[in-house]
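Just so you know, these numbers come straight off a predicted model, no measurement behind them.
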Amino acid sequence: MSDSTPNKASGCSIFFTLTVVLGLVIAFLIVQNFLQPEKPESATKMVDDTRLNKINAYEDENTLYSKQIVSFHEDNNSSIEATMENIVLEYQSNSKTKQSIDP
């Protein structure tokens, strides 16, 4: 028949299980470290200088563009103002001639 005495876990199997788990964890960490991408290199002085030059060029271009926009609007506003003044003068002269015609 069957043996009725309880079987106890041997310390050897627990040791091998822990050894295998520890080996798998170490292998996982090594593979993860190997597959991890490299850190990007920091910007060099040449790259920094190039960026500063581009920023300065952009600021100069932006200032010039803003001045052109302001100039355009000033020209349009002055031409509209001149036109409005001519219309006012024309209406004033027309109203004076009508007043002189009417007794």
Side-chain angles (χ1 to χ4, degrees):
M1 292 226 222
S2 67
D3 188 14
S4 62
T5 59
N7 292 330
K8 294 183 181 179
S10 73
C12 193
S13 65
I14 293 174
F15 174 74
F16 285 125
T17 303
L18 290 177
T19 305
V20 169
V21 169
L22 184 63
L24 289 175
V25 168
I26 291 173
F28 175 75
L29 292 176
I30 290 173
V31 168
Q32 184 183 15
N33 192 20
F34 179 71
L35 294 178
Q36 198 171 29
E38 295 179 11
K39 293 180 181 178
E41 294 181 13
S42 62
T44 62
K45 180 161 175 48
M46 186 174 70
V47 172
D48 289 342
D49 291 342
T50 304
R51 287 178 182 166
L52 286 174
N53 289 337
K54 286 182 180 182
I55 290 170
N56 290 334
Y58 169 76
E59 287 175 350
D60 293 343
E61 183 180 321
N62 190 34
T63 303
L64 178 63
Y65 183 71
S66 296
K67 286 180 181 178
Q68 288 176 345
I69 289 174
V70 168
S71 173
F72 173 78
H73 287 296
E74 285 175 351
D75 290 345
N76 280 348
N77 288 342
S78 64
S79 65
I80 290 173
E81 183 180 359
T83 303
M84 291 173 71
E85 287 175 356
N86 288 338
I87 291 172
V88 168
L89 291 174
E90 185 178 324
Y91 277 119
Q92 285 177 348
S93 65
N94 284 343
S95 67
K96 286 182 183 178
T97 55
K98 283 187 178 181
Q99 287 177 355
S100 64
I101 294 175
D102 291 336

Quiz item: For Leu52, does its backbone N or O pair with a side-chain atom of Asn56 as donor and acceptor, under 3.5 Å?
Solution: yes

Quiz prompt | same_hphob_cluster(Leu22, Ile30) at 4.5 Å side-chain heavy-atom cutoff | solution = yes

Quiz item: So how far is it from Glu59 CD to Thr63 OG1, rounded to the nearest 0.5 Å?
Solution: 7.0 Å

Quiz prompt | Side chain proximity check, Phe28 to Leu24, heavy atoms < 4.5 angstrom | solution = no

Quiz item: If Ile, Leu, Val, Met, Phe, Trp and Tyr residues are connected whenever their side-chain heavy atoms lie under 4.5 Å apart, and connections chain through other members, are Phe34 and Val31 in the same group?
Solution: yes

Exercise. Please say whether more than 12 non-hydrogen atoms of neighbouring residues, nucleotides or ligands are located less than 6.0 Å from CD in Glu61.
Key: no

Practice problem: Output yes when a side-chain donor or acceptor of Thr50 lies under 3.5 Å from a complementary backbone atom of Met46, and no otherwise. | Solution: yes

